[in-house]
2 protein chains.
Amino acid sequence: MAQVTFINLFEVSDDREKEFLAAWNEVSEYLRAKPGYVRHRLHRALEPDRRFRFVNTAVWESEQHFRAGHDEGFYALVGKPVWKQFPFFPGVFEVYAEGGK
Amino acid sequence: MAQVTFINLFEVSDDREKEFLAAWNEVSEYLRAKPGYVRHRLHRALEPDRRFRFVNTAVWESEQHFRAGHDEGFYALVGKPVWKQFPFFPGVFEVYAEGGK
């Protein structure tokens, strides 16, 4: 089984950042407890004019773990009204290439 | 100086993947040689219907290194006609939160 990376882009307006972070933390804590969850990194844009203010990357042991982790409890959390304010664009990715110096 | 993560989302149609990868590799090799470049990871969507087929994340030693690395030579490369086919959505991010099991 190959690891997968879940990447999610969030539109968050200036005045809603705290609210977003509270909602995101709730979902993140839920998923972190699931089997196969490896790690996440929440990125915040340095340029305030960017469409996507936050980008989360989360690594899972496999696509199966990822799918199983996003269960009814997860959908209950992201079904809360607060999420209507924060359009998000999720996708599951494989690492296709990587390199460094 | 804090590290920054450059995240770039690419729209690439089914039949243009090879062409995209050749163009992307050219730019990536160029940037990799710059001072302050740390590493990159190119992600490919597992779901073919996603808007963004490729997502690159690249870490730089600092925002200053990142800005200096994107010089005239870089803009000459991404000014090539091939890039007109691949809309991209770049941004510079800080790691706001991270965690694992």
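Within every chain, numbering begins at 1; the chains are lettered A, B, ... in the order of the sequence lines, protein sequences first and strands thereafter.
Inspection of non-hydrogen atoms places Tyr37(A), Val38(A), Arg39(A), His40(A), Arg41(A), Leu42(A), His43(A), Arg44(A), Ala45(A), Leu46(A), Glu47(A), Arg50(A), Arg51(A), Phe52(A), Arg53(A), Phe54(A), Val55(A), Glu63(A), Arg67(A) of residues 37-68 of chain A under 4.5 Å from chain B. Of residues 76-91 of chain A, those residues lying under 4.5 Å from chain B by any heavy-atom pair are Pro90(A), Gly91(A).
Under the 4.5 Å side-chain heavy-atom criterion for grouping Ile, Leu, Val, Met, Phe, Trp and Tyr, Val92(B) is connected to Phe10(B) within one hydrophobic cluster. Under a hydrophobic clustering in which Ile, Leu, Val, Met, Phe, Trp and Tyr are joined whenever their side-chain heavy atoms come within less than 4.5 Å, directly or via other members, Phe93(B) and Ile7(A) fall into the same cluster. If you chain together hydrophobic residues whose side chains sit under 4.5 Å apart, Leu31(B) and Leu9(B) never meet in one group.
Contact count against chain A (heavy-atom pairs under 4.5 Å) is highest for Leu21(B) among Leu21(B), Asn25(B), Val4(B).
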